[in-house]
2 protein chains.
Amino acid sequence: MSTAEVLASVDIVALRLNEQAELELLLIRRAQAPFEQQWALPGVLVNGRCQDLSLEAAACRALASKARVEPRYLEQVATVGNGTRDPRGWSISTFYLALLQPDTVLQGEDLCFVALSAVLDGSLGLPFDHGQLVAQAFERLGGKSVYTSLPLYLLAPRFTVTEALGAFQACLGQAVQHTTLRGRLERMKQQGWIAETGEKNYPRMGRPQNLLEHQARSDAAFIFDRSVLS
Amino acid sequence: MSTAEVLASVDIVALRLNEQAELELLLIRRAQAPFEQQWALPGVLVNGRCQDLSLEAAACRALASKARVEPRYLEQVATVGNGTRDPRGWSISTFYLALLQPDTVLQGEDLCFVALSAVLDGSLGLPFDHGQLVAQAFERLGGKSVYTSLPLYLLAPRFTVTEALGAFQACLGQAVQHTTLRGRLERMKQQGWIAETGEKNYPRMGRPQNLLEHQARSDAAFIFDRSVLS
DNA sequence: ATAATAGTGTCTGTGAGACATTATGTA
DNA sequence: TACATAATGTCTCACAGACACTATTAT
């Protein structure tokens, strides 16, 4: 590669909630050098040879062809670029935050989920600067979760208040009063973002839970006019 | 250029407030093809030949060497990439929002300020997709102005409440109650973001204005826990 | 004095925070 | 029955919105 070229890639930070309402990160085992066989973020190179119509299309290609999952939400986070992040030379990476359904199943031995916390606290290192990308994507998720309904995209379309509470707490990293969340969901209901199904979910113990339905609109999240306070 | 290459650039959406508290956009007359001699966003190409340490460094280089101004605030907005935005082929542009001081003076005949509104409403067209980049950057500014102190970076470090009101209204595109803004500034004062200078500004008519001092911290804006409502 | 503009005070409404209370299931 | 969990109600507080009122300058 001549020094005039730039290595441009799109990488995906795909998250899902596990049964314990903890966030997990999707990784792929790299098939090619550099860092061959290591677990890293799924991504693709973008250049004139690919017929991607746009960067977003390239992100969808990475999700479909590499991660082989379909996200409920996709958002561009940022772009990093410098001469040291890739051993091959000056490179830039535009990275996306993808939110997956909790029941997402992986197709292939080269894919796995790991605890997001392990990546964030450094106990699980990633090649390139992927650890930083993950941190920045999670920061975006947490920041938006303060005043939007973004965590609902980590749930199935039909969900309970308890599940929603787990999603918000995982994104925010702190406890949230369930009454606060109920108030917010109520406001979303009035504006048509959420509907009561009338059905109930019967857990092993305790009173049954109302099943709500989240009708997502064009990958956007509901914006509340106040923040969840510390 | 081979089809395997990607044209990567960094473009700057630099804004300032004029005397009438209206936003103006900094443009540069292009020295080279394509679109030679046309007014466009200042920007630079990034590739292995440049010794930029990072994308942000490239943005600073664009501001210093092309626009020849020093911003009070700089933030990456997003990255666009497709095969049609540049006649030379598949290209990507990472673009930044820069906020300038109101007394910014331009050095050179190839630089000018134009009314941001003219670009947003399409009455002033820009080459490439620069019009879209401007719209997206302004959207970011407006969105953040709802719940942060970002518009203060459009003012000199010493400012009056009236000037701040003008900045917020220009960013939000709507009227703001001055009592609301005073309350927010008061809260910033308590947390050390703003200090009362004790001095006063004497306008041609009316009661003199208190001069406040905005001590910016590391290019970040103060975050309020509520939104300015519609 | 009058005009013009800056700054303060008051009242209302909304929604988060905290916590108590009631409701509805299982064992 | 006891227990577990869900859902609702109540009270307080902070702050935006609206608007009245007071303060301080120039002419």
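Per chain, numbering begins at 1; letters A, B, ... match sequence-line order. All values reported here derive from a predicted model rather than from experimental measurement.
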Indicate every side-chain donor-acceptor pair of residues 168-178 of chain A with a distance under 3.5 Å to a residue at least two apart or in another chain.
unit_1: A/Q169; atom_1: OE1; unit_2: A/V176; atom_2: N; d: 3.0
unit_1: A/H178; atom_1: ND1; unit_2: A/R182; atom_2: NE; d: 2.9

All salt bridge (Lys or Arg N to Asp or Glu O under 4.0 Å) counterparts of A/D219, not counting sequence neighbours: none
Partners passing salt bridge (Lys or Arg N to Asp or Glu O under 4.0 Å) against B/R16 (at least two apart in sequence or in another chain): B/E24
Sugar-phosphate only, base, or nothing, as touched by A/R182 at under 4.0 Å among non-hydrogen atoms: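 The answer is base, as A/R182 lies within the cut-off (heavy atoms under 4.0 Å) of a base atom.
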Pair listing, salt bridge (Lys or Arg N to Asp or Glu O under 4.0 Å) test, anchored in residues 149-175 of chain B, at least two apart: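 The answer is B/R158-B/E199.
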Salt bridge (Lys or Arg N to Asp or Glu O under 4.0 Å) partners of residues 125-135 of chain B, not counting sequence neighbours, each pair once: B/R85-B/D129
Bend angle of the helix from C/dA1-D/dT27 to C/dA27-D/dT1, end axes from five pairs each (to 10°):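 End axes: 10° apart.
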Salt-bridge present (B/R68, B/D110; N to O < 4.0 Å): yes
Salt-bridge criterion met for A/R61 and A/D52 (N-O under 4.0 Å):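 Yes.
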Residues touching DNA chain C, which here means a heavy atom under 4.0 Å, drawn from residues 141-167 of chain A: none
Starting from [atom2] on [N], measure out to [atom1] on [X] and report it in whole angstrom.
X      : N      : atom1 : atom2 : answer
B/R226 : C/dG17 : CZ    : P     : 11 Å
A/Q191 : C/dT14 : CD    : P     : 14 Å
B/N201 : C/dG7  : CG    : C1'   : 15 Å
A/L229 : C/dT14 : CG    : P     : 18 Å

ring-ring contact (aromatic ring centres under 6.0 Å, His included) partners of B/Y153, counting only residues at least two apart: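 Expected list: B/Y73, B/H214.
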Partner residues of A/W193 under the ring-ring contact (aromatic ring centres under 6.0 Å, His included) criterion, sequence neighbours left out: A/F222
Minimum side-chain heavy-atom gap A/L23-A/L141 below 4.5 Å: yes
Side chain proximity check, B/F138 to B/L116, heavy atoms < 4.5 angstrom: yes
Non-neighbouring partners of B/A98 that pass side chain to side chain contact (heavy atoms under 4.5 Å, CB included), sequence neighbours left out: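 For B/A98, the residues satisfying side chain to side chain contact (heavy atoms under 4.5 Å, CB included) (neighbours in sequence not counted) are B/I12, B/A14, B/L63, B/P71, B/L74.
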First and last nucleotide of DNA chain D, 5' to 3', lying under 4.0 Å from heavy atoms of chain A: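 First-to-last contact on DNA chain D, by the 4.0 Å heavy-atom rule, is D/dC3 to D/dG9.
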Annotated protein contacts, base or backbone, on nucleotides 18-27 of chain C with a non-hydrogen cut-off under 4.0 Å, one of B, S, - each: BB---BBBSS
Side-chain donor-acceptor contact under 3.5 Å, A/N201 with A/T160: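 Judged by distance alone, the side chains do not pair up.
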